[in-house]
Amino acid sequence: MDDRYNPEKVESRWQEYWEKNHIFRASEDKSKSKYYLLEMFPYPSGKIHMGHVRNYTIGDVVARYKRMNGYNVLHPMGWDAFGMPAENAAIDNKTHPATWTYQNISTMQSQLKRMGFSYDWEREVATCKPEYYRWEQWLFLKMLEKDMVYRKESYVNWCEHCQTVLANEQVESDLCWRCGEMVQQKKLWQWFFRITDYADDLLVYCDNLPGWPEKVTLMQKNWIGKSTGSEISFKIEGQEDYIKVFTTRPDTLFGATFMCLAPEHPLVESLSKGRPQEAQVAAFVDKISKQERSSSSIEKYEKEGVFVGAWCINPANGRRMPIYTANFALMEYGTGAVMSVPAHDQRDFDFAKKYNLDIVVVIQPKEGTPLDSATMTEACPDPGLLANSGKYDGMDNSEAMDKITDWLEKEGLGKKTISFRLRDWGISRQRYWGTPIPVIHCQTCGVVPTPESDLPIVLPEDAHLLENGGSPLPTLDFFKKATCPKCGRADAKRDTDTMDTFVESSWYFIRYCSPHCDTAMFDKEAVKYWMPVDQYIGGVEHAILHLLYSRYFMRVLNTLGLIDFKEPFTNLLTQGMVLKETLKCPEHNYIFPEEAQIADGKATCKKCGNDVEIGRVIKMSKSKKNVIDPNDLLNRYGADITRLFCLFASPPEKGLEWNDDGVEGCYRFINRVWRLAATCIEITKGAKPYSGSLSQLSDSDAKKLYTKAHQTIKKVTDDIDGSFHFNTAISAVMELVNAMYSVELTSNSSDEVKSVALFCIEHIILLLSPIVPHFAEEVWMLMGKSEGITEQKWSTYREDALLSDEILVVVQVNGKLRSKFSIDAESSDELIQKTALADEVVQKYIDGKAIKKVIVVRKKLVNIVV
RNA sequence: GCCUGGGUGGCGGAACUGGUAGACGCAAGGGACUUAAAAUCCCUCGGAGCUUAGCUCUGUACGAGUUCAAUUCUCGUCCCAGGUACCA
């Protein structure tokens, strides 16, 4: 046996062994319990980085652990291969998105293979292949048939200079990232999935996902944002028309003193038409229409508005309310109109102060000084009793919500209603590298679905990317020109938009069940066996969008009768992000860490010598270049130590600022185990691992080690199975290894110690095997085992070997630790209390003082209060 | 801005359900072995103070509170990260 672990020699050999023997090939074996373990597939951006390594190592440990526990494990991997970075790279490097993507897939695949992950590579999928996306097109057509998709006009970021659509990421403080021109908004006809039809169901099931972290379901609930309230109609003065608002506070109706409409609200133009305010309103609407529309940007803009020149009537008290259009009223939410109650809503209050509008208090707090509109400095949203509200005066506001709504309903001016924050999912992208939307636009027939037999509508891979970043598809006649399938018109046009890449990732996990099925989206029997995913693991960054879209897609498939379940992922582990500071060179923009020279908190660019700006510590991503490629660690330490280190660094759900300082310790640990194994193999020849009861052992070292070993098995099992806290699992094994080193193991050791030592080392290797599989295979083989460690059963512990006979009790006086003592584990609370009070050190602190209270925590602690 | 998390030694982190703060490791310092180095092994290691075999005080972002007891629960503040609907 070598005197140290040699990853270079060992790791590729076992990888070949696993591959040659198809160890990780999964097949539907109905005699076994299935376990579908899935990690979020990566976008092939170039090379893998530590974020991937961490995610996939976590998954691999669980996969191998479940396999050892007798499950039939499905553990697939693939590529989320469509997306914008491929287009950017194509422009930057004068290559083609497909070439770039396939090259990256090949690089990243070999990196993943080098990590020794237990994937069934025969199930690999890449979403950019027609074999994959044809089924997405097929599903789109099914959805179109059932009216689950529709078209409407909506805005995109538009750069006039580049003549192209920009993603939110490509807009940097209102400017185009390529040319620096001010970004505008452009209205386009786009396709939307009716996800809002499932808003309630998606919400309700959030409470039915016990295997998900609560923070994720909570975020989803807030995202869906169900609010109950009332729809109220306000008559427009001098017209027959009404303005409908949605409000969660009908109790404050009497305090509504003005009205705000979204700038895109159809009434804004019609009401202001012909009035003195017309030009000002038009200018305001125009200004807002050019502003960015992302929620974070909208919130950054100062709240402002203009009077449209018209009034509406408050149905409760007949008050004339000026109608404004304001940038905080959103057309996408509620009805696009807001009744403003400045006394009880801060935003309305600010707005009223700014434009000198009336403030009327209609809810008085039950206690404290009454509110006075003349002296208030902020709005009061708190509950209380109604005032200035006619017959509702004095009523509790929670009761008034219903009462006022009931009255409105009788008058035909309102009703109870529910509003969601969730919006329909816009899927049209004016991009090239994505799944073509399978419809044809005909001047006679309108939108016509592509016949199923024409699928897939293949994305032409011989297209050249445009310098401005725009999609070449509209310029390709051979792609764009189509014959109308309905009327036969020859001048019909194929839709040249592609789908949002979140569409591909909303169903890839179901494709893995039968990845080569070419007659359907998936094989129903295979899906019945494997789905839903038992454990899904991925970055917490996907807590809302990807996970919500996937849940929505399963509902669509369920509605279409294709599957009989609704929730795709039974258990979810959201991994914290691996973070690293960004580096920005004035000449080269973002640079990779290896392109900078960093010393004493200062950085310079190796290429140009300029000072580099050290930016915030953010999640690793290729676009910001703050990535650490694992190849360096792999070359120095191999896969197992890289895996071990990633897991040992922190628990998975926590974010991790990347730093490889501790890796040397992992290397030392592995070699400590290696040498320990070598010693055990050497001295225990002919011995059998001990597996009897603790009480049958007489040697104190043997007893100590045996208990520790069983405690370790329990700890590691609980840490992996319950919480994925591999860092503490590894610590536990380290403790056992330390305990073994503290016992002198020589050929002169007693037989008892030898056979306990053998038990210990075998279980150390078994416990470590999911984490450092190559190392474990190698040691296992050197220990003379004929079967690979992947075929072994997971360790189990004996309850009767877990406990030692003595326990440690700590004694506090007034909550401060003063003493401790060991006592027989079976001692009664009375005896423990008596022993504590008699303790010499304790006596010193309680001497001469009256004992007020003694608290005894079972088998653990005594607190004496004096 | 809003939603969701997080903040513990020089560093990564540990602490069951409110019960010994700092497990396990890294770094650092000291020592052993060695001609030397590497490797390995042993010791010290939150801070402050003192009458220094030890003892006392203090300490889990900050400020309050609940409790016999708070890293853990409540309220407020600050900072950091993720998401914010076209990055994936």
Side-chain angles (χ1 to χ4, degrees), chain A residues 3-4 40 42-43 45 80 82-85 88 156-157 165-171 195 213-216 218-223 225 293-301 303 332 421-431 500-502 505 539-546 548-549 574 576-577 579 616-619 621-624 645 648-651 653-657 659-666 668-669 671-672 675 718 725 727-728 730-735 738 741 808-817 820 852-855 857-858 860-866:
Chain A
D3 56 356
R4 50 176 55 207
M40 291 178 185
Y43 178 77
S45 58
D80 188 13
F82 273 141
M84 192 182 61
N88 293 330
V156 290
N157 297 314
V165 172
L166 298 174
N168 288 341
E169 195 195 38
Q170 298 174 308
V171 181
I195 188 173
E214 212 182 294
K215 62 174 175 189
V216 176
L218 187 57
M219 279 189 262
Q220 294 212 347
K221 284 188 206 172
N222 291 334
W223 182 260
R293 310 184 72 80
S294 66
S295 321
S296 54
S297 310
I298 285 173
E299 293 295 339
K300 269 178 220 147
Y301 296 122
K303 311 283 177 280
E332 296 90 356
R421 211 185 72 96
L422 182 70
R423 307 200 297 254
D424 276 336
W425 176 11
I427 57 143
S428 295
R429 296 291 180 270
Q430 297 68 44
R431 298 255 170 73
D500 178 5
T501 56
F502 270 125
S505 56
V540 66
E541 51 184 346
H542 293 296
I544 297 174
L545 294 182
H546 161 60
L548 191 66
Y549 291 152
T574 47
M577 302 284 87
L579 312 171
R616 292 189 335 187
V617 178
I618 58 170
K619 71 166 174 173
S621 80
K622 183 74 185 300
S623 63
K624 298 280 187 289
F645 175 60
F648 186 58
S650 91
E653 69 279 5
K654 232 189 114 160
L656 180 63
E657 202 174 319
N659 176 349
D660 64 10
D661 279 355
V663 69
E664 193 63 31
C666 289
R668 276 202 282 266
F669 169 65
N671 279 301
R672 266 167 82 76
R675 289 195 308 273
D718 291 351
H725 281 191
N727 56 332
T728 48
I730 294 163
S731 295
V733 180
M734 284 175 170
E735 284 187 42
N738 290 346
Y741 269 96
L808 183 71
V809 175
V810 301
V811 190
Q812 301 177 332
V813 178
N814 286 344
K816 283 187 179 167
L817 177 69
K820 11 182 143 173
K852 286 189 197 153
K853 202 171 175 186
V854 181
I855 291 127
V857 179
R858 211 172 60 88
K860 204 175 256 173
L861 170 141
V862 180
N863 188 11
I864 303 159
V865 187
V866 296

K.L.:
What integer number of Å spans the P atoms of B:U34 and B:A27?
P.N.:
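Between the two P atoms, the distance is 25 Å.
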
K.L.:
How far, in whole Å, is B:U8 from B:A81 if one measures between their P atoms?
P.N.:
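About 14 Å, rounded to a whole number of Å.
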
K.L.:
Should stems be defined as at least three consecutive Watson-Crick or G-U pairs with both distances under 3.5 angstrom, which of them involve RNA chain B?
P.N.:
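Output for stems: B:1-7 with B:78-84, B:10-12 with B:24-26, B:28-32 with B:40-44, B:46-50 with B:54-58, B:61-65 with B:73-77.
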
K.L.:
Check whether any side-chain N or O of A:Asn222 sits under 4.0 Å from OP1 or OP2 of B:U4, and answer yes or no.
P.N.:
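A:Asn222 to B:U4 OP1/OP2: side-chain N or O found under 4.0 Å.
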
K.L.:
Would you say the side chain of A:Asn157 lies within less than 4.5 Å of the side chain of A:Gln170, judging by non-hydrogen atoms?
P.N.:
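Not touching, per the 4.5 Å side-chain cut-off.
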
K.L.:
Under a 4.5 Å cut-off applied to non-hydrogen side-chain atoms, are A:Lys622 and A:Tyr43 in contact?
P.N.:
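Contact flag for A:Lys622/A:Tyr43 side chains = no.
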
K.L.:
Counting just side-chain N and O atoms, does A:Asn727 come under 4.0 Å of either OP1 or OP2 of B:G12?
P.N.:
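Looking at the OP1 and OP2 atoms of B:G12, neither is under 4.0 Å from any side-chain N or O of A:Asn727.
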
K.L.:
Mind checking salt bridge (charged side-chain N to carboxylate O under 4.0 Å, His left out) for A:Glu657 and listing every partner two or more places apart, or none if nothing turns up?
P.N.:
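Salt bridge (charged side-chain N to carboxylate O under 4.0 Å, His left out) list for A:Glu657, sorted by chain: empty.
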
K.L.:
Counting side-chain heavy atoms from CB outward, which of B:A85, B:U20, B:C68 is closest to A:Lys853?
P.N.:
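Looking only at side-chain atoms, A:Lys853 lies closest to B:C68.
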
K.L.:
For B:U84, does OP1 or OP2 lie under 4.0 Å from any side-chain N or O of A:Arg421?
P.N.:
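So the side chain of A:Arg421 is outside the cut-off, no N or O lying under 4.0 Å from OP1 or OP2 of B:U84.
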
K.L.:
Nearest to the A:Lys619 side chain among B:C68, B:G5, B:A88, which nucleotide is it?
P.N.:
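Nearest listed nucleotide: B:A88.
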
K.L.:
So, is A:Arg675 close to the B:C41 phosphate, meaning a side-chain N or O under 4.0 Å from OP1 or OP2?
P.N.:
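Yes, such a contact exists.
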
K.L.:
When you compare B:A39 with B:C26, how far apart are their P atoms, in angstrom units rounded to a whole number?
P.N.:
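Result for the P pair: 12 Å, nearest Å.
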
K.L.:
Can you find a side chain N or O atom of A:Arg616 that sits less than 4.0 Å from OP1 or OP2 on B:A81?
P.N.:
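A:Arg616 to B:A81 OP1/OP2: side-chain N or O found under 4.0 Å.
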
K.L.:
Side chain of A:Tyr43 only, heavy atoms from C-beta on: which candidate in B:U4, B:A85, B:A88 is closest?
P.N.:
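So the side chain of A:Tyr43 is nearest to B:A88.
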
K.L.:
Does a side-chain N or O of A:Lys860 approach OP1 or OP2 of B:G19 to a distance below 4.0 Å, or not?
P.N.:
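So the side chain of A:Lys860 is outside the cut-off, no N or O lying under 4.0 Å from OP1 or OP2 of B:G19.
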
K.L.:
Determine whether A:Arg421 and A:Asn222 satisfy the following criterion, side chain to side chain donor-acceptor pair (under 3.5 Å), listing intermediate values before the conclusion.
P.N.:
CA-CA 8 Å; A:Arg421 211 185 72 96; A:Asn222 291 334; over 6 Å; no

K.L.:
Just compare B:A85, B:A23, B:C87 and give me whichever is closest to any side-chain atom of A:Pro85.
P.N.:
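Out of B:A85, B:A23, B:C87, the nucleotide with an atom closest to A:Pro85's side chain is B:C87.
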
K.L.:
Which residue lies toward the 5' end of RNA chain B, A:Leu656 or A:Val857, if each is placed at its nearest nucleotide?
P.N.:
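Between the two, 5'-proximity favours A:Leu656.
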
K.L.:
Closest-nucleotide mapping onto RNA chain B: is A:Arg668 or A:Trp223 further toward the 5' terminus? I mean the 5' end.
P.N.:
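The residue whose closest nucleotide sits nearer the 5' end is A:Arg668.
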
K.L.:
Between A:Arg429 and B:C86, is there a side-chain N or O to OP1/OP2 distance below 4.0 Å?
P.N.:
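It does, given that an N or O in the side chain of A:Arg429 lies less than 4.0 Å from OP1 or OP2 of B:C86.
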
K.L.:
If you check every side-chain atom of A:Arg672, which of B:C41, B:G5, B:A88 has the closest atom?
P.N.:
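Output: B:C41.
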
K.L.:
Out of B:U20, B:A88, B:U84, which has the shortest distance to the side chain of A:Thr501?
P.N.:
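From the listed options, B:A88 comes nearest.
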
K.L.:
Determine the contact category for A:Ser623: base if any of its heavy atoms lies under 4.0 Å from a base atom, sugar-phosphate if only primed atoms, P, OP1 or OP2 are that close, otherwise nothing.
P.N.:
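Nothing: the residue A:Ser623, judged by heavy atoms under 4.0 Å, touches no strand.
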
K.L.:
Consider the side chain of A:Leu817, meaning its heavy atoms from C-beta on, and name the nucleotide among B:C86, B:A21, B:A88 that approaches it most closely.
P.N.:
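Nearest to the side-chain atoms of A:Leu817, counting from C-beta on, is B:A21.
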
K.L.:
So for A:Asp661 and B:C26, does any side-chain atom that can act as donor or acceptor lie under 3.5 Å from a complementary atom in the base?
P.N.:
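Side chain to base: no pair below 3.5 Å.
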
K.L.:
Would you say A:Lys622 reaches B:C87's phosphate, i.e. side-chain N/O to OP1/OP2 under 4.0 Å?
P.N.:
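No, because none of the side-chain N or O atoms of A:Lys622 sits under 4.0 Å from OP1 or OP2 of B:C87.
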
K.L.:
Considering only the C1' atoms, how many Å lie between B:A53 and B:U58, rounded to the nearest integer?
P.N.:
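Looking at atom C1' only, B:A53 and B:U58 are 24 Å apart.
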
K.L.:
Which listed nucleotide (B:G13, B:G25, B:U20) is nearest to the side chain of A:Met734?
P.N.:
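In terms of side-chain proximity for A:Met734, the closest of B:G13, B:G25, B:U20 is B:G25.
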
K.L.:
Using a heavy-atom cut-off of 4.0 Å across all strands, would you classify A:Ser297 as base, sugar-phosphate, or nothing?
P.N.:
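Result for A:Ser297 = nothing.
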
K.L.:
With C1' as the reference atom in both, quote the distance from B:U77 to B:G7 in angstrom, rounded to an integer.
P.N.:
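These two C1' atoms come out 14 Å apart once rounded.
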
K.L.:
Using atom C1' of each nucleotide, how far apart are B:G22 and B:C45 to the nearest Å?
P.N.:
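Nearest-Å result for B:G22 against B:C45 at atom C1': 12 Å.
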
K.L.:
Checking understanding here: a glycosidic angle within 90° of 0 is syn, the rest anti, so what is B:G47?
P.N.:
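What B:G47 shows is an anti base, its glycosidic angle lying more than 90° from 0.
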
K.L.:
When you measure from the side chain of A:Asp500, which nucleotide among B:A85, B:C86, B:A14 comes out closest?
P.N.:
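That would be B:C86.
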
K.L.:
Checking only heavy atoms, does the side chain of A:Gln812 share a donor-acceptor pair with the base of B:C68 at less than 3.5 Å?
P.N.:
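For A:Gln812, whose side chain was compared with the base of B:C68, there is no donor-acceptor pair (under 3.5 Å).
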
K.L.:
Taking atom P in both B:C41 and B:A48, compute the distance separating them and give it to the nearest angstrom.
P.N.:
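My reading of the P atoms in B:C41 and B:A48 gives 31 Å.
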
K.L.:
Return no unless some side-chain N or O of A:Arg4 is found under 4.0 Å from OP1 or OP2 of B:A38.
P.N.:
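Result: no.
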
K.L.:
Within the pair A:Asn671 and B:A39, is there a side-chain N or O less than 4.0 Å away from OP1 or OP2?
P.N.:
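Answer is no, no contact under 4.0 Å.
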
K.L.:
Counting only side-chain nitrogens and oxygens, does A:Ser731 get under 4.0 Å of the OP1 or OP2 atom of B:A23?
P.N.:
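Negative; the distance criterion is not met.
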
K.L.:
Starting the side chain at C-beta, find the nucleotide from B:C86, B:G82, B:U58 nearest to A:Lys816.
P.N.:
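Within the option list, the nearest is B:U58.
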
